[in-house]
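Notes to accompany the following structure.
In this text the structure is predicted, and so the values were computed from the model without any measurement. The sequence lines fix the lettering, A, B, ..., with proteins before strands; numbering per chain opens at 1. Any value given below was found using the heavy atoms of this structure, including those in side chains, with hydrogens, waters and symmetry copies removed.
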Number of protein chains: 2
Amino acid sequence: MEAAVKRKRTRIQKEKRETILEAALEVFSTHGFRGSTIDQIAEAAGMSKPNLLYYFRGKEEIHETLIARLLETWLAPLKELRADGDPLTEIRSYIRRKLEMARDYPRESRLFANEILQGAPRIMPLLEVDLKNLVDEKAEIIEGWMRAGRIACADPWHLIFSIWATTQHYADFDAQVRAVLGPERGGEGRFEDAGRFLEQLYIGGLRPKG
Amino acid sequence: MEAAVKRKRTRIQKEKRETILEAALEVFSTHGFRGSTIDQIAEAAGMSKPNLLYYFRGKEEIHETLIARLLETWLAPLKELRADGDPLTEIRSYIRRKLEMARDYPRESRLFANEILQGAPRIMPLLEVDLKNLVDEKAEIIEGWMRAGRIACADPWHLIFSIWATTQHYADFDAQVRAVLGPERGGEGRFEDAGRFLEQLYIGGLRPKG
DNA sequence: CAATTTTTTGACCGATTGGACAAACGTTAG
DNA sequence: CTAACGTTTGTCCAATCGGTCAAAAAATTG
């Protein structure tokens with residue numbers, strides 16, 4: 001209670017909130033926001049609906065908490081791109097990190113994709129500020145490499161978009177990827193195959209001419 | 001009525017069904033299946049809910065009709081990939097066609113993305129048969145080009161995935177692309193920029209070594 | 001014109017939804 | 001023990017959902 005400003009949470013509150021968020025991630029990522037019900041989340045979290053609503057004010061607050069926390073995780077790989085590294089190595093590492101995230105955190109990727117797909121109504125401000133600033137900053141770095149002739153010239157923003165697209169594809173469109181590859185080729189090896197392909201594509205496509 | 005097998009539709013029925021499908025595409029693509037209501041679709045189509053339900057048996061049937069029709073449109077660009085053409089030209093044309101579809105039919109792309117994101121519950125059989133067969137066939141062609149040394153060797157399935165991902169990204173994640181590019185760079189020119197970038201990436205990445 | 005068929009609508013229904021609430025339960029400090 | 005606190009639950013509610021239905025209104029046909 002208090003003035004709602006003070007964050008005084010008991011141990012149980014912290015634990016239960018985590019349990020709920022974990023369950024909500026599972027449910028939201030597979031059914032979308034409107035497709036998910038509080039009952040579903042409550043059941044997945046192993047508690048009753050009123051009990052869940054004791055820890056979160058409502059469905060919206062759960063979703064907001066999840067998205068806000070997710071954005072940090074999502075920006076992290078790009079933040080690691082360093083201007084003082086070897087360009088091709090830096091880009092290759094970034095692709096690898098993003099692909100690992102698609103493999104290890106597909107639910108987070110799908111939650112994010114769901115939100116963007118529907119116009120990002122709940123996070124547009126964050127995208128326009130935090131994400132845009134980060135991308136602008138890193139695009140600047142990449143552009144510097146290009147001007148120095150260390151990699152081929154290309155639009156750095158669209159380069160970043162293409163890396164997002166190709167890597168997250170394996171999380172967001174997993175159902176389609178599996179369907180097309182079939183049971184044999186669609187196993188766990190698909191991420192290694194994808195990694196090899198993407199590395200070759202980007203190394204070849206970005207190697208400076210000459 | 002009749003035996004339901006015979007398709008005897010009056011002029012009004014055909015027109016109204018088209019109006020409904022157009023409205024449903026708009027609504028479904030921005031809110032997903034569960035996020036959309038019949039009332040929303042009816043209002044977007046300019047008619048009452050019972051009137052809409054006079055032309056379609058239910059929400060599910062509208063969605064199914066939409067998806068079935070969409071799949072044809074969606075497979076078409078890949079079908080045009082011809083084994084007897086110049087490899088790099090064929091691939092470049094395919095990328096261009098897909099990018100044009102993302103630009104001109106973003107709602108269709110998002111409808112499809114929504115469905116796949118949630119595990120493709122309604123079209124998995126179609127993916128496993130129609131889509132898989134088509135991709136396998138075209139992957140075979142691409143593999144032939146690679147064996148002949150006409151383009152660099154790479155996994156043809158993942159090559160196709162990457163083309164899907166990078167082109168559809170501009171429709172599915174349009175909100176994010178616009179947010180990052182900002183008002184100036186995010187205008188209509190973004191598709192031309194994307195086209196130039198992707199062409200360079202794939203031409204460079206697939207040019208045979210030597 | 002009247003008869004018939006197609007189209008449209010207002011009223012309604014059962015099910016599900018997000019959420020409220022008081023009562024009950026459990027735990028711990030005195 | 002009791003009082004105070006945090007936690008949990010059963011019950012209930014208003015709103016919304018997909019869908020039905022009978023009857024009105026148009027349109028078509030004779």
Completion exercise
Side-chain atoms of B/D39 come closest, of D/dG18, D/dT7, C/dT17, to D/dG18
Exercise for the section: Counting heavy atoms from C-beta on, name the nucleotide in C/dT7, C/dT17, C/dG18 closest to the side chain of A/K59. Expected result: C/dG18
Problem - Verdict with supporting geometry, A/Q118 and A/N114, side-chain contact (heavy atoms from CB on, under 4.5 Å) - result: CA-CA 6 Å; A/Q118 308 191 354; A/N114 257 309; 4.3 Å; yes
Exercise for the section: May I ask you to say what A/Y55 touches in the nucleic acid, namely base, sugar-phosphate or nothing, with a heavy-atom cut-off under 4.0 Å? Expected result: sugar-phosphate
Exercise for the section: Tell me whether the OP1 or OP2 atom of C/dT9 has a side-chain N or O from B/S48 closer than 4.0 Å. Expected result: yes
Practice task
Taking only the side-chain heavy atoms of A/Y54 (C-beta and beyond), determine which of D/dG19, C/dT7, D/dT7 contains the nearest atom.
Solution key: D/dT7
Problem - Phosphate OP1/OP2 of C/dT9 contacted by B/N51 side-chain N/O (<4.0 Å) - result: yes
Fill in the blank from the handout: Out of D/dG18, D/dG10, C/dG18, minimum distance to the side chain of A/P50 belongs to D/dG10
Handout entry: Cationic N near anionic O, under 4.0 Å, B/D174 to B/R190
Key = yes
Completion exercise
Side-chain atoms of A/Q13 come closest, of D/dT7, D/dT20, D/dG18, to D/dT7
Exercise for the section: Indicate yes or no: does A/R69 engage A/E108 in a salt bridge with an N to O separation below 4.0 Å. Expected result: no
Fill in the blank from the handout: Whole-Å distance, A/F56 CZ to C/dG18 P, equals 16 Å
Exercise for the section: Mind checking B/K16 for me? I need base, sugar-phosphate or nothing, with any heavy atom below 4.0 Å counting as a touch. Expected result: sugar-phosphate
Exercise for the section: Measure from CG on A/L53 to P on D/dC13 and round the result to the nearest Å. Expected result: 18 Å
Problem - Sugar-phosphate only, base, or nothing, as touched by A/I38 at under 4.0 Å among non-hydrogen atoms - result: sugar-phosphate
Problem - Integer-rounded Å distance: C/dG19 P and A/H63 NE2 - result: 13 Å
Exercise for the section: Grab the CZ-P distance between B/R17 and C/dT6 for me, whole Å please. Expected result: 16 Å
Handout entry: A/K49 NZ - D/dT7 C1' separation (whole Å)
Key = 18 Å
Handout entry: Whole-Å distance separating the CD1 atom of A/I20 from the C1' atom of C/dG19
Key = 15 Å
Completion exercise
A/R34 CZ to C/dG18 P, in whole Å, measures 9 Å
Exercise for the section: Report the residue from A/E64, A/E60, A/E61 that forms a salt bridge (charged side-chain N to carboxylate O under 4.0 Å, His left out) with A/R122. Expected result: A/E60
Practice task
Evaluate side-chain contact (heavy atoms from CB on, under 4.5 Å) for A/L81 paired with A/I142, printing each intermediate quantity in order.
Solution key: CA-CA 9 Å; A/L81 194 90; A/I142 295 173; 4.2 Å; yes
Fill in the blank from the handout: From NE2 of A/H31 across to C1' of C/dT16 the rounded distance in Å is 15 Å
